[in-house]
Amino acid sequence: MTNTDPFVYLEELDSEITQAFIQQADAAAQAEFATGTEYAAVRDDIVTLLRDEQQIPFCQEHRARMYHFYQSAEFPKGVYRVCSAASYRAGLPEWEILFSVADFDALLNDDVYLQGVAHYVQAPEHVLISLSAGGADAAYTIEFNLAEGKVVEGGFHFPLSKSIISWRDSESVWVCPAWDERQLTQAGYPRQIWLMQRGQSFAEAVPILEIPADGMMANAWRYLDSQGSPIDLLEAASGFYHKQYYQVTADLGVKPLALPDDCELMGYLYGQLLVQLRSDWRRANKCYPAGSLVAVRLHKGELGAAEVIFQPAPTQAIESIETTRRFVLVSILDNVHSRLLAWRFAENRWQEVVLPNLPAGALEITDQPWGGDVVYLAISSFLEPLTLYTLDVHLGELCVMRRQPQQFDPAGMLVQQFSAVAQDGTFIPYFHVGKNMDKDTPTIVYVYGGFGMPQLPYYLGSIGRHWLAKGYAFVLANIRGGGEFGPAWHQAACGIRKHVSVDDLLAVLHDLYAHHRASAVHTAIQGGSNGGMVVAAAFCRQPQSMGAMVCEVPLTDMLRYPYLLAGSSWMDEYGNPDDSTENQALRQISPYHNLDNLLHYPPALITTNLHDDRVHPAHALKFYARLRELKQQVWLAAPDTGGHTGGGTQENTAAELALIMNFLYKTIVNND
């Protein structure tokens, strides 16, 4: 390609030319992969599964009441409902509908979907409802009284934007506004923090902090401490991994906290901040190692003594942290397998407590009701459906609450963990799942590899039902850039080293083929968002190493990404194209810039969502257009609902999954 960009016009999504281009491309994809009896059967089956009343209703518990978002054929946009904790635990929940999402369309004169419900935990009938426009990140905020079943007149209501609104107490909220250009950073996120009291207009609210426009984002929240007084904290992020924290004083001043600029605040208990370190922290002649969880005493903005609660071993990483009334819970990964640990502060130090033995599998803390020591745990594995448990940490009691029904028969299927050897000699683990493992087995290789986010062995559900059950295989590659082995694993594939993620994916493919576990002609690589960039870069570098590609909501133009929507917020991850060294590294991995008119590429399915206001749809559109120009087999699916993470109806979700399955059936299965 020349230095000019022939498809830059596709960045103007509202233009008639771009709209016509999208409609024509999507129609072609729908005609090819969203027709026929097999497609319809898969789509309808997935919808049926999503609506299965035996599926676990995941809830938020507040004061012995279970709150749940529910979608069905009758309520495609969903309703928010509640039952008593007693009826839920008995397995016979008596649901009461609190509001229907569809009712807000007329109120807001928009097509809205539920993004979230934030209860004020000390008075949980008070909620802030976030309603996304078309599934995008931008949302309306509405205060709603669940007890009265109505919108609060003159309450905390905010216009469509990427604002961050959070409860401070029942009579005030933290507001990080984003409905005016003057309030935004270059990444399109809030740069101001205000405190707003009930009954005030925004003009009457108190400004607390403002960061420069070239920063990334400002945020504010209140930590409630069941063992002490609440604190209000502010975050001024200059980048994805660099931020300054502040404590708000009684007179609404702000006091900077002397914490490392790349740490993450994870909680607050016993008057101590829980800090997760990304790099070594040297303080008072002590070194607190990277990857550790450290508790730091806090008094009026001054940091006191610090203590390491948990230091991961080389094969371990902290995945998540939760506080209860008296305990800190840490979910860790050990060689990509979940474990749960707990500590309590007693006798002036943190002491580990013994927990009941938990089943093997990927673990997620789904809820922690305020004021107690009970947590809800969801545990699943590739072949074992999810089970919901309650764990009373104080009593050491583990109880089964619900078991998800099987979606496929795992008989004859095996889960095996292997390792590929990367170019630099690093072992890259990957899971292989299926009945068969040979060169004739159609195989999906799924990757993400970015932002320190680990990929875990969760239940495969629809993939198990419509892929594994046919005798095909699924591979999950734990490449660098993810968080499977802590900060070092992530940092090994950041910035000018981002190519390492691509190297690792190709190493996994070559290992599969070298050991006759799969073959290129029957293997598809799949990834979304950052993972979409990784698979697209591998596709460009070694098209002969795969039989097809599924590239979902991807980044593909790595020289333009900071100038499109939220892109500038990711420069900590990818680098800055305005820097000559980083520009060269970005150009080498940029899929859009590395397509070669002398090469033949395998079939590619690219997806985007037109309401995606995080990763600009132009990344997908331009990559598709370039492949079309090269006369390659490529399709673009671009539904007109949903954002970066979906956010539509169950029918939308099922239609997209079925289309992808049909693409895979027609490419790496029926390609002999």
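Note that these values count all heavy atoms, side chains included, but never hydrogens, waters or copies made by symmetry.
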What pair of heavy atoms forms the shortest contact from Ala342 to Leu329, and how long is it?
CB-CD2, 3.4 Å
Can you check whether His337's main-chain N or O pairs, donor with acceptor, with Asp334's side chain at less than 3.5 Å?
no
Rounded to the nearest 0.5 Å, how far apart are NZ of Lys150 and CZ of Phe144?
10.0 Å
Establish, yes or no, whether the cationic atom of Arg344 lies under 6.0 Å from the six-membered ring centre of Phe327 and within 45° of the ring axis.
yes
What closest approach, in Å, do Ser172 and Gln197 show between heavy atoms, and which atom pair accounts for it?
CB-OE1, 3.5 Å
With heavy-atom distances below 4.5 Å as the criterion, would you say the side chains of Arg65 and Glu96 are in contact?
yes
Out of curiosity, Leu146 CG to His62 NE2, how far, rounded to the nearest 0.5 Å?
9.5 Å
Fit a plane to each ring of Trp281 and Tyr288, take the angle between them on a 0 to 90° scale, and name the class: parallel (under 30°), tilted (30 to 60°) or perpendicular (over 60°).
tilted
Applying side-chain hydrogen bond (donor to acceptor under 3.5 Å, both in side chains), can you list everything that pairs with Trp194, at least two apart in sequence or on another chain?
Gln192
Under the side-chain hydrogen bond (donor to acceptor under 3.5 Å, both in side chains) test, which residues partner Tyr223, sequence neighbours left out?
none
Check the surroundings of atom CE in Met266: do more than 12 heavy atoms from other residues, nucleotides or ligands lie under 6.0 Å from it?
yes
In short, Trp95 meets Cys59 closest at the heavy-atom pair CH2-SG, 3.9 Å
Hey, does the side chain of Tyr140 reach the backbone of Val112 with a donor-acceptor pair shorter than 3.5 angstrom?
no
Name the orientation class of the two ring planes belonging to Trp350 and Phe345 (parallel below 30°, tilted from 30 to 60°, perpendicular beyond 60°).
tilted
Check whether any side-chain N or O of Thr649 sits under 3.5 Å from a backbone N or O of Lys77 as a donor-acceptor pair, and report yes or no.
no
Test item: side-chain donor near acceptor, Gln404 and Gln55, under 3.5 Å
yes
Hey, mind stepping through Val433 and Leu383 against side-chain contact (heavy atoms from CB on, under 4.5 Å) and telling me if it holds?
CA-CA 9 Å; Val433 189; Leu383 304 180; 3.7 Å; yes
Value rounded to 0.5 Å, distance of CG in Leu234 from OH in Tyr246:
8.5 Å
Are there over 12 heavy-atom neighbours, none belonging to Asp251, within less than 6.0 Å of that residue's CG?
yes
Using the side-chain contact (heavy atoms from CB on, under 4.5 Å) rule, take Tyr80 and Val101 through it: C-alpha gap first, then chi angles, then the decisive distance, then the call.
CA-CA 8 Å; Tyr80 200 60; Val101 175; over 6 Å; no
Can any side-chain N or O of Asp280 pair as donor or acceptor with the backbone N or O of Ala290 at less than 3.5 Å?
yes
Option passing side chain to side chain contact (heavy atoms under 4.5 Å, CB included) with Tyr88 (candidates His68, Arg402, Glu61):
Arg402
Apply ring-ring contact (aromatic ring centres under 6.0 Å, His included) to the pair Phe451 and Phe240, showing each step before the final yes or no.
CA-CA 9 Å; Phe451 295 92; Phe240 213 86; 5.0 Å; yes
Kindly state each residue pair satisfying side chain to side chain donor-acceptor pair (under 3.5 Å) with at least one member in residues 293-304, sequence neighbours excluded.
Lys255-Glu302, Arg297-Asn348
If you define the side chain from C-beta out and look only at heavy atoms, does anything of Phe69 sit under 4.5 Å from Gln60?
no
Could you go through the side-chain contact (heavy atoms from CB on, under 4.5 Å) check for Leu273 and Tyr245 one step at a time?
CA-CA 11 Å; Leu273 293 171; Tyr245 292 104; over 6 Å; no
Using modelled atom types and a 3.5 Å cut-off, is there a donor and acceptor pairing between side-chain atoms of Asp137 and backbone atoms of Lys162?
no
Mind telling me whether Tyr120 and Trp167 have parallel, tilted or perpendicular rings, with 30° and 60° as the class edges?
tilted
Residues Phe75 and Ser100: closest non-hydrogen pair is CD2-OG, 4.5 Å
Applying side-chain contact (heavy atoms from CB on, under 4.5 Å) to Leu114 and Leu131, what does each step give before you reach the verdict?
CA-CA 5 Å; Leu114 187 67; Leu131 294 157; 4.2 Å; yes
Tightest non-hydrogen contact, residues Ser166 and Trp221, listed as OG-CA, 4.1 Å
Could you state the interatomic distance from CG (Leu274) to CZ (Phe310), rounded to the nearest 0.5 Å?
14.5 Å
Provide the full list of salt bridge (charged side-chain N to carboxylate O under 4.0 Å, His left out) pairs with a residue in residues 315-333, sequence neighbours left out, each pair given once.
Arg326-Asp373
Taking C-beta and beyond as the side chain, do Ile332 and Leu341 meet within less than 4.5 Å on heavy atoms?
yes
Side chain to side chain contact (heavy atoms under 4.5 Å, CB included), paired with Met217, selected from Pro190, Ser569, Ser238:
Pro190
Inter-residue atom distance Leu476.CG - His432.NE2, 0.5 Å rounding
12.0 Å
Would you indicate whether the side-chain heavy atoms of Leu386 and Tyr459 approach each other to under 4.5 Å?
no
Does the Asn478 side chain pair with the main chain of Pro454, one donor and one acceptor, at a distance under 3.5 Å?
no
Quick one: does Gln455's side chain have a donor or acceptor within less than 3.5 Å of a partner on Tyr448's backbone?
no
Using the ring of Tyr268 (Phe, Tyr or Trp, six-membered ring only), decide whether Arg222 places NZ or CZ under 6.0 Å from its centre and within 45 degrees of its axis.
no
Exam field: side chain Glu143 to backbone Phe156, donor-acceptor pair closer than 3.5 Å:
yes
So for atom CD, which belongs to Glu94, do other residues, nucleotides or ligands contribute more than 12 heavy atoms lying within a distance under 6.0 Å?
no
Qualifying residue for ring-ring contact (aromatic ring centres under 6.0 Å, His included) with Phe418, from Tyr430, Phe431, Phe427:
Tyr430
Quick one: closest heavy-atom pair of Cys494 and His490, and the distance?
SG-NE2, 3.2 Å
Could you give the distance from CD1 (Ile321) to CD1 (Ile309), rounded to the nearest 0.5 Å?
8.0 Å
Quick one: which residue pairs count as a salt bridge (charged side-chain N to carboxylate O under 4.0 Å, His left out) with a foot in residues 260-272, not counting sequence neighbours?
Lys243-Glu264
Could you tell me whether the side chain of Val117 reaches within less than 4.5 Å of the side chain of Tyr67, counting heavy atoms only?
no
Mind checking side-chain hydrogen bond (donor to acceptor under 3.5 Å, both in side chains) for Trp174 and listing every partner two or more places apart, or none if nothing turns up?
Asp232
Is there a side-chain contact between Trp370 and His119 (heavy atoms, below 4.5 Å)?
no
Exam field: side chain Glu573 to backbone Trp570, donor-acceptor pair closer than 3.5 Å
no
State, yes or no, whether a side-chain contact exists between Asp392 and Thr390 at a heavy-atom distance under 4.5 Å.
no
If you define the side chain from C-beta out and look only at heavy atoms, does anything of Val127 sit under 4.5 Å from Leu98?
no
Short side-chain to backbone donor-acceptor contact, Tyr376 and Phe58, under 3.5 Å:
no
